[in-house]
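First comes the structure, then the notes that go with it.
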Amino acid sequence: MPCLVALLALISPRLALFALWLFSDLLGDAFESWVLPLLGFFLLPWTTLAYAAMWASGVNEVTGFEWFIVVLAFFFDLGSYAGGGRVRGD
């Protein structure tokens with residue numbers, strides 16, 4: 001059961017990014033090219049999602065406290081990679 005929960009936790013930001021890409025223009029507006037969102041989808045999904053959300057929440061740029069949210073999401077991404085090694089015993 002814990003493996004299923006971990007799998008759903010890892011998939012959920014990617015599903016959110018896919019839904020944003022499919023149903024809105026938020027990713028296209030927040031990023032100038034398609035390369036960064038694609039890399040973010042595979043490598044840093046929480047960071048990509050947080051940047052797009054913070055970009056849309058203000059005046060179409062990320063400033064001030066919004067960067068704290070993006071950095072926090074980056075640490076969530078790093079934690080998901082580091083936590084996997086601890087569970088496996090590496």
Side-chain angles (χ1 to χ4, degrees):
M1 189 66 171
C3 291
L4 179 61
V5 172
L7 180 64
L8 289 175
L10 289 174
I11 291 174
S12 66
R14 289 176 175 92
L15 284 177
L17 283 171
F18 182 72
L20 280 176
W21 172 75
L22 194 59
F23 297 116
S24 76
D25 290 332
L26 181 62
L27 291 177
D29 294 340
F31 298 98
E32 292 183 13
S33 72
W34 58 270
V35 176
L36 284 177
L38 183 66
L39 287 174
F41 180 83
F42 290 110
L43 300 175
L44 301 170
W46 285 112
T47 306
T48 306
L49 193 60
Y51 182 84
M54 292 299 106
W55 186 87
S57 70
V59 291
N60 293 339
E61 64 180 349
V62 179
T63 59
F65 183 73
E66 294 169 345
W67 279 112
F68 175 75
I69 302 297
V70 174
V71 170
L72 189 63
F74 177 72
F75 286 131
F76 283 162
D77 284 328
L78 289 181
S80 69
Y81 290 124
R86 190 171 354 142
V87 172
R88 288 189 311 261
D90 293 342

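Computation of the quantities below employed the complete heavy-atom set of this structure, encompassing side-chain atoms and omitting hydrogens, waters and symmetry-equivalent molecules.
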Please list, one pair per line, the donor and acceptor atoms closer than 3.5 Å that link side chains of residues 47-65 to other protein atoms, with sequence neighbours excluded.
{"from": "Thr47", "atom 1": "OG1", "to": "Phe74", "atom 2": "N", "distance (Å)": "3.3"}
{"from": "Thr47", "atom 1": "OG1", "to": "Asp77", "atom 2": "OD2", "distance (Å)": "2.6"}
{"from": "Thr48", "atom 1": "OG1", "to": "Leu44", "atom 2": "O", "distance (Å)": "2.9"}
{"from": "Trp55", "atom 1": "NE1", "to": "Asn60", "atom 2": "O", "distance (Å)": "2.8"}
{"from": "Ser57", "atom 1": "OG", "to": "Met54", "atom 2": "O", "distance (Å)": "3.0"}
{"from": "Ser57", "atom 1": "OG", "to": "Glu66", "atom 2": "OE2", "distance (Å)": "3.2"}

Return all side-chain donor-acceptor pairs below 3.5 angstrom for residues 21-35, not counting sequence neighbours, or 'none' if the list is empty.
{"from": "Ser24", "atom 1": "OG", "to": "Leu20", "atom 2": "O", "distance (Å)": "2.9"}
{"from": "Ser24", "atom 1": "OG", "to": "Leu26", "atom 2": "N", "distance (Å)": "3.4"}
{"from": "Ser33", "atom 1": "OG", "to": "Val35", "atom 2": "N", "distance (Å)": "3.4"}

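The number of heavy atoms from other shown groups lying within 6.0 Å of CZ (Phe41) is above 12.
Closest approach of Phe42 to Tyr81, counting heavy atoms only: O-OH, 3.6 Å.
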